[in-house]
**Student:** 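This is the structure I want to talk about, given as structure tokens.
Just the heavy atoms: all of them, side chains too, but no hydrogens, waters or symmetry mates, feed the values below. Numbered from 1 within each chain, the chains take letters A, B, ... in sequence-line order. Computed from a predicted model, the values in this text were never measured in an experiment.
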Protein chains: 2
Amino acid sequence: MADVARAVGVSTGTVSRALRGLPGVSEAMRRRILRAAEGLDYVVSPGASGLATGRTGSVAVLVPHISRWFHARALAGAHHVLRNAGFEVVLYHVEGIAERREFFETLPVRRRADGLVIIALSLSESEIARLGGLGSMPVVGASTDLGGHPSVGIDDPAGAAMAVRHLVNLGHQRIGMIRATDEEGVHRGVSQRRLDGYLAAMAECGLPVQQDSIVSAPWGVDGGAQAMAQLLSLRTPPTAVFAEADDVAAGALRTLRRAAVDVPGQMSLIGFDDSPIADLLDLTTVAQPVYEQGLIAGRMLVDAVEQGTIAESRQRLDTRLVPRGTTSAVRRPGR
Amino acid sequence: MADVARAVGVSTGTVSRALRGLPGVSEAMRRRILRAAEGLDYVVSPGASGLATGRTGSVAVLVPHISRWFHARALAGAHHVLRNAGFEVVLYHVEGIAERREFFETLPVRRRADGLVIIALSLSESEIARLGGLGSMPVVGASTDLGGHPSVGIDDPAGAAMAVRHLVNLGHQRIGMIRATDEEGVHRGVSQRRLDGYLAAMAECGLPVQQDSIVSAPWGVDGGAQAMAQLLSLRTPPTAVFAEADDVAAGALRTLRRAAVDVPGQMSLIGFDDSPIADLLDLTTVAQPVYEQGLIAGRMLVDAVEQGTIAESRQRLDTRLVPRGTTSAVRRPGR
DNA sequence: CACATTTACTCAAACGCTTGCGTTAGCTTG
DNA sequence: CAAGCTAACGCAAGCGTTTGAGTAAATGTG
């Protein structure tokens, strides 16, 4: 910046103001400075200006997984608006339980970012409390609740209920559910809410729920496969199954195929998320806007950072049933 | 830091040295300082230390897509080693052609990062040249060649040839190929190399290649579906097809299923990448280590940054054939 | 035309850290 | 025990910006 100032013959203060469009510099001078800066292809040092202003110009995004479709997609959304708002996005990927604890203990984000968005990571009470150590730094959640902090998400119970009602409307009465667990508990909150929705819808429809037709398995295709195997080994297996995520539904489908159970003839299956594999496998599912959640979370954070106001708000986006080939009316007995 | 210094009753210089493990401070004093820093839960300001040292402590990662499996996975790998080496990773996602041009024109990375890793983005000559504007900042490529800069990747021609030879070994002679294009040319280099491998293997096996059985379609499932449709409309369709990516193979498979073409009975299909959907669809494919490419690229960059040396090296990882259910011996005519 | 205002800049302190150099005190050594 | 060393620390000058206070000139007002 000193170079630019010298080239034009003004002080660095003026250059600074000119570059950032602040008043107090004539149009003619501004143009000269801009041109000189261009010529010397000068870029401001974010570190130095951060030192002076106290703002870093970047926001942190915390994700428990990078390569899962959901997280990557939401990240893309958040990145889009953050970058357009002029922020860097620095990525924090907490892979295991250890990294996760370290993140919340040391809060490495503190001096490095102006805000934090957390994507699809269910926090414990104590973790939420630790977030207080961030001081006035705004935090927003996408697809996760963060106590007092603003967040975007979907109405998981409603989505799950939608799935169940779809099956009920097709005449199913014995409806199982496959839950997904992961040791890190990343997914815990969502899982609980989808279970709640399932239970509520079953109750609302006056259907009994058998405890053994709600099975849990590790997140992922293999988990889903295993869970479906368990359901198939029941005395009276369900005629329809709601899997809380497309990934596990995909595994369930594999088991069904291998067991030569006709889908949807003998067994209906519905997933959740509408990930690309749902389309690929022709899997009926409940769609949720993922990219949009990232978008909105990003926008909320930008607003919070720029206005310094951290409005507590909890935005809920709609889910949508996507009927495909894995659900159909229940086979009439004796037909 | 001033607070810590005051609390312990030393100068900030000593605190700085103590915190970073530099010599010149007694063990006793170091412990006192560490404890005080802990107590005040102090973290250094990266901006300020960057100002003083000239290093930012962060590296940039450039990706053309976030939510594609390949990029996300490689990103995860790179993130892992970069973070373990103490770097922040700031994410640059260039979505369209416009963002891409802007990136290379303004090189926003300049003052903000100590290094750059570029993941799976085929650069033009002029873009590579622009990279020179980065001065001495090291750049490494993962799954892309960057002219004089170091890079990791696989031997694409060899991988493609492996796929073709697999089909040949099964007795196939009319072997088509589905190429994937994208308007941004993100994938161009890879696509060209896989074509080269296909052609080389065909020649090596003494098989003629019909121009019309090499078809191109936009990247993705739909593109693959469309491309396979085109192949099926040929006068004499191939009996086996090599798709240059699992994603397009998935689309091809959909078309085959809809057209009631038995796979692999009437048509064999092999993909590339061994992405999760290949497993899901039981698709024969050529596996490449993706996470590892990210890891290695990250490590190369860390070395370059820390040693200040930018060794030009081009590391090539092995590919591996993964036989699954979509390839089989060619049907004997008249049987 | 004298005076008050505005405009366009300059000045310099501050932001939080790093680092070469200077100082002091305690040790070793012949 | 004096001289020479070394280890442990303080000092202060930067690093590249921002920003409030200050200044000089141009403009407006009565």
Side-chain angles (χ1 to χ4, degrees), chain A residues 1-34 36-37 40-58 86-88 108-114 135-137 305-306 308, chain B residues 1-34 36-37 40-58 86 88 108-114 135-137 306 308:
Chain A
M1 174 173 279
D3 296 341
V4 178
R6 207 173 309 115
V8 184
V10 298
S11 74
T12 64
T14 305
V15 174
S16 174
R17 282 181 250 262
L19 257 25
R20 293 178 308 141
L22 295 185
V25 41
S26 67
E27 261 319 304
M29 179 58 81
R30 186 184 308 271
R31 261 193 295 276
R32 283 179 57 198
I33 291 178
L34 259 349
L40 296 169
D41 68 39
Y42 161 82
V43 288
V44 303
S45 155
S49 63
L51 232 204
T53 60
R55 292 183 34 169
T56 64
S58 60
F87 290 96
E88 307 284 290
V109 189
R110 273 182 287 176
R111 302 264 209 141
R112 331 181 88 107
D114 297 335
S136 66
M137 181 168 131
V305 169
E306 289 181 347
Chain B
M1 174 173 281
D3 297 340
V4 178
R6 207 173 308 116
V8 184
V10 297
S11 75
T12 65
T14 304
V15 174
S16 174
R17 282 180 253 260
L19 257 26
R20 292 178 309 139
L22 294 186
V25 42
S26 67
E27 263 318 305
M29 179 56 84
R30 187 184 307 271
R31 262 193 295 277
R32 283 179 56 199
I33 291 177
L34 258 349
L40 297 169
D41 69 38
Y42 162 81
V43 288
V44 304
S45 155
S49 62
L51 233 202
T53 60
R55 293 182 35 168
T56 65
S58 59
E88 307 284 291
V109 189
R110 272 181 288 176
R111 303 265 209 140
R112 332 182 86 108
D114 297 335
S136 65
M137 180 167 130
E306 287 180 348

**Student:** Work out which heavy atom in B:M137 is nearest to a heavy atom in B:R110; give both atom names and the distance.
**Tutor:** SD-O, 4.3 Å
**Student:** At a heavy-atom distance below 4.0 Å, what parts of residues 1-9 of chain A sit against DNA chain D?
**Tutor:** A:M1
**Student:** Contact class for A:S26 (heavy atom, under 4.0 Å): base, sugar-phosphate, or nothing?
**Tutor:** sugar-phosphate
**Student:** Nearest-Å distance, CG (A:L51) to P (D:dT18)?
**Tutor:** 11 Å
**Student:** Round to a whole Å and report the spacing from CD1 of A:I33 to C1' of C:dA8.
**Tutor:** 11 Å
**Student:** Does OP1 or OP2 of D:dT17 have a side-chain N or O of B:R111 closer than 4.0 Å?
**Tutor:** yes
**Student:** Provide, to the nearest angstrom, the distance between the CG atom belonging to B:L40 and the P atom belonging to C:dG16.
**Tutor:** 15 Å
**Student:** Which pair of non-hydrogen atoms, one from A:G57 and one from A:D114, has the smallest distance, and what is that distance?
**Tutor:** N-OD2, 2.8 Å
**Student:** Please check this pair: side chain of A:R32 against backbone of A:V8, looking for a donor-acceptor N/O pair closer than 3.5 Å.
**Tutor:** yes
**Student:** Rounded to the Å, how far apart are B:L22 CG and C:dT19 P?
**Tutor:** 7 Å
**Student:** For A:S16 versus A:M1, what's the shortest heavy-atom pair and its separation?
**Tutor:** CA-CE, 3.9 Å
**Student:** Looking at C:dT10, D:dT18, D:dT17, which one has an atom nearest to any side-chain atom of A:S11?
**Tutor:** C:dT10
**Student:** Any idea which of C:dC15, D:dT17, C:dT19 is nearest the A:V44 side chain?
**Tutor:** D:dT17
**Student:** Nearest whole angstrom, please: distance from the P of C:dT24 to the CE of B:M29.
**Tutor:** 18 Å
**Student:** Closest nucleotide of DNA chain C for B:V15 versus for A:R17: which of these residues is on the 5' side?
**Tutor:** A:R17
**Student:** Reading DNA chain D from 5' onward, which residue's closest nucleotide shows up sooner: A:A52 or B:A52?
**Tutor:** B:A52
**Student:** Give the rounded distance in Å between these two atoms: CG of B:L19 and P of C:dG16.
**Tutor:** 16 Å
**Student:** Taking only side-chain N and O atoms of A:T14, does any of them lie within less than 4.0 angstrom of OP1 or OP2 on C:dC9?
**Tutor:** no
**Student:** Which part of the nucleic acid, if any, lies within contact of B:T53, taking any heavy atom under 4.0 Å across all strands shown: a base, the sugar-phosphate backbone alone, or nothing?
**Tutor:** sugar-phosphate
**Student:** Kindly give the heavy-atom pair with the smallest separation between A:A36 and A:V4, and that separation in Å.
**Tutor:** CB-CG1, 4.2 Å
**Student:** Which pair of heavy atoms, one from B:R30 and one from B:G21, lies closest together, and at what distance?
**Tutor:** NH1-CA, 3.1 Å
**Student:** Does B:R55 make a side-chain N or O approach to OP1 or OP2 of D:dC15 shorter than 4.0 Å?
**Tutor:** no
**Student:** Expressed as a whole number of angstroms, how long is the span from B:R30:CZ to D:dA8:P?
**Tutor:** 9 Å
**Student:** Do you know which two heavy atoms are closest between B:V43 and A:R111, and how far apart they sit?
**Tutor:** O-NE, 3.2 Å
